[in-house]
Amino acid sequence: MSKRSRMLLAVSMASMMLLSACGGSNGNSGNAESGTNAPANNAPANNAEKEAEKPAEAEPVSLRVFSTFGGTDAARESFQALIDEFTAKYPNVTVNNDTMSANDDSFRTKVNTDMNSGNEPDLLFYFVGKDAEGFVNAGKVVPLDELLEADATWKNGYLPTALEAVRQPDGKIYAAPLTGFYEGLFVNKKIFADNGLELPTDWTKLTTAVKTLSAKGIIPLSGPFDQSHYLIEHAILSGAGAEGQKSGLAGGVNPDWETGLGALKELYDLGAFPKDAATIDLGMAANYYSQGLAAMIIEGSWALGGFEESVRNETTVLPFPTVPGGKGTGKDIVGGFGTGFYLSKKTFDDAKKKDMAIALMKHLTSPDAIKKVSEANGGTPAADVQPEGLGQATLDGFKMAAEATSINAPVDSQIDPETFTTIRAGIQPIVKGEKTPKAALEEAQKIEASKQ
């Protein structure tokens with residue numbers, strides 16, 4: 001196992017660190033009790049002395065945090081509880097917990113619009129890599145390196161690999177990570193057992209299951225064609241292998257990417273996808289699996305908490321099999337630490353907000369907070385903590401990551417967003433035979449090259 005895999009699976013380490021990580025001041029430290037030996041009945045000489053004895057009231061501060069921890073997100077309640085803890089400690093602070101689903105395509109649009117229009121949130125929970133390059137390069141967020149170095153407790157609460165994983169190309173850390181993730185093929189073991197099927201650990205077993213289940217009216221693999229993020233990621237990784245996946249598109253179309261996307265047509269021809277795959281989104285695809293209507297879905301660790309308990313208890317997680325002619329090992333997975341909290345430059349420069357915003361960021365990324373969120377969403381903790389009460393499916397996911405031959409960033413974090421959108425738009429024509437994988441990728445490659 002690679003060093004990165006061992007560190008990513010640090011959830012198996014034993015000790016839990018407790019951290020009181022909130023920096024700054026609550027503004028109520030001005031207690032004027034003197035502790036002198038003055039007589040108990042010695043009244044203040046005048047009203048001025050009375051006023052001097054009152055603690056200074058902290059100035060009201062309003063902060064906006066924009067994140068994906070809302071709606072049906074498994075960590076929604078845990079995240080809100082962390083905010084409530086903070087505002088209970090600092091009653092002068094009001095936190096607007098602004099949320100939007102990351103599966104909603106307008107999430108990226110909303111972030112980019114806010115960052116470019118001067119409406120940036122004080123703290124932003126968002127992707128690292130290509131997605132963040134625009135506002136990072138524009139100086140809309142501040143590097144956290146100096147803040148981390150100045151607070152050893154906060155920095156040392158992190159796994160070193162978690163911090164390294166969120167560095168931008170300029171070598172600086174702009175996002176404070178919380179939990180990592182893994183993606184894989186989520187499989188309903190009961191449906192497979194009831195239909196006499198072996199788990200889909202290779203391509204033959206996968207296609208056998210698809211043919212059998214489709215003939216019985218069971219959705220074999222739930223997934224949409226438009227929001228085909230996970231289908232694309234795993235098909236390309238399976239076809240090109242870890243090194244080929246990293247090659248991107250700027251230098252031309254990798255034929256192994258064609259191999260991967262071409263395998264999706266084979267699955268389509270066998271009846272793998274929902275009949276309404278052309279119109280549903282990721283949320284509806286997840287609902288089909290959650291309700292027991294689909295036998296498999298390609299998703300991320302965050303999805304487990306949203307599944308119906310009966311289905312979650314029957315779920316295991318496997319690597320997506322190597323496609324025919326592919327260069328993947330069958331144990332390559334998508335995962336890592338791909339998100340974190342950004343601190344707005346505008347907020348950093350605002351003397352009224354700066355300290356409280358930094359304190360809130362440290363609170364939300366303390367080992368205790370990381371443990372709670374990890375327990376809620378099954379994500380890999382960015383701190384050396386031991387999540388408790390995790391289900392078997394989550395443990396299976398951690399085992400899959402521990403045994404992985406490579407753990408890779410998603411394709412969409414390595415190419416321009418417009419390039420990835422173009423690939424997504426080509427999936428339905430590819431599976432229906434209206435466009436070759438090569439033609440679809442060449443369209444995307446032209447866009448990628450224009451961005452260089």
Side-chain angles (χ1 to χ4, degrees), residues 5-13 16 67-82 99 101-103 125 127 158-159 161-162 165 177-189 222 229-230 233-234 282-283 285-287 289-290 296-320 333-340 364-404 407-410:
S5 299
R6 290 196 299 271
M7 295 306 295
L8 178 64
L9 264 296
V11 68
S12 62
M13 300 177 71
M16 176 181 119
S67 75
T68 56
F69 296 113
T72 59
D73 189 276
R76 175 179 60 86
E77 293 182 2
S78 296
F79 186 70
Q80 181 61 56
L82 290 170
T99 64
S101 172
N103 286 339
F125 186 78
F127 308 113
Y158 277 115
L159 294 172
T161 47
L178 188 57
T179 59
F181 70 101
Y182 57 81
E183 296 177 11
L185 185 64
F186 289 65
V187 181
N188 188 315
K189 295 180 292 184
S222 189
H229 305 65
Y230 310 131
E233 290 173 7
H234 290 77
L282 283 167
N287 284 341
Y289 183 82
S290 178
M296 297 175 284
I297 188 171
I298 302 176
E299 260 288 1
S301 50
W302 56 83
L304 276 168
F307 295 154
E308 292 289 339
E309 184 177 3
S310 59
V311 170
R312 184 168 61 248
N313 291 341
E314 294 292 343
T315 293
T316 190
V317 191
L318 304 170
F320 188 72
I333 69 168
V334 175
F337 293 91
T339 52
L364 295 175
T365 58
S366 69
D368 183 56
I370 289 171
K371 179 175 182 290
K372 290 175 179 176
V373 173
S374 178
E375 289 172 346
N377 66 12
T380 311
D384 181 12
V385 295
Q386 177 66 54
E388 300 171 4
L390 300 178
Q392 186 59 49
T394 299
L395 298 177
D396 289 350
F398 287 157
K399 181 174 183 290
M400 175 189 71
E403 296 175 350
I407 299 178
N408 306 274

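Position 1 is the first residue of the sequence, and the numbers go up from there.
Between F69 and F125, the ring planes lie tilted relative to each other; the angle falls in the 30° to 60° range. Ring geometry for H234 against F320 counts as perpendicular: the plane angle is over 60°, on a 0 to 90° scale with 30° as the lower cut.
Shortest non-hydrogen contact noted between S374 and P387 is OG-CG, 3.3 Å. The two atoms that bring P367 and V385 nearest to each other are O-CG1, 3.7 Å, heavy atoms only. Nearest approach of A393 to R312, heavy atoms of both residues: CB-O, 4.0 Å. Annotation for S290 and G306: closest pair OG-O, 3.7 Å, computed over non-hydrogen atoms.
One distance of note links OG1 of T315 with CG of L304; it measures 6.5 Å at 0.5 Å rounding. Separating the CG atom in L364 from the NZ atom in K372 is a distance of 11.0 Å, to the nearest 0.5 Å.
No donor-acceptor pair closer than 3.5 Å links the side chain of Y230 to the backbone N or O of L282. A donor-acceptor pair is defined here as one N or O able to donate and one able to accept, closer than 3.5 Å; such a pair exists between the side chain of E375 and the backbone of E388.
Aromatic rings from F186 and Y289 are positioned such that their centres are separated by 6.0 Å or more.
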Quiz item: What's the verdict on side-chain contact (heavy atoms from CB on, under 4.5 Å) for T68 and W302, showing C-alpha distance, side-chain angles and the deciding distance?
Solution: CA-CA 11 Å; T68 56; W302 56 83; over 6 Å; no
Practice problem: Step by step, work out the side-chain contact (heavy atoms from CB on, under 4.5 Å) result for D73 and F79. | Solution: CA-CA 10 Å; D73 189 276; F79 186 70; over 6 Å; no
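Of the candidates T316, I297, I298, I333, I298 is the only one forming a side chain to side chain contact (heavy atoms under 4.5 Å, CB included) with L185. Tested against T179, the residues T339, T365, N377, T380 include a single side chain to side chain contact (heavy atoms under 4.5 Å, CB included) partner, N377.
Between P381 and K371 there is no side-chain heavy-atom pair separated by less than 4.5 Å.
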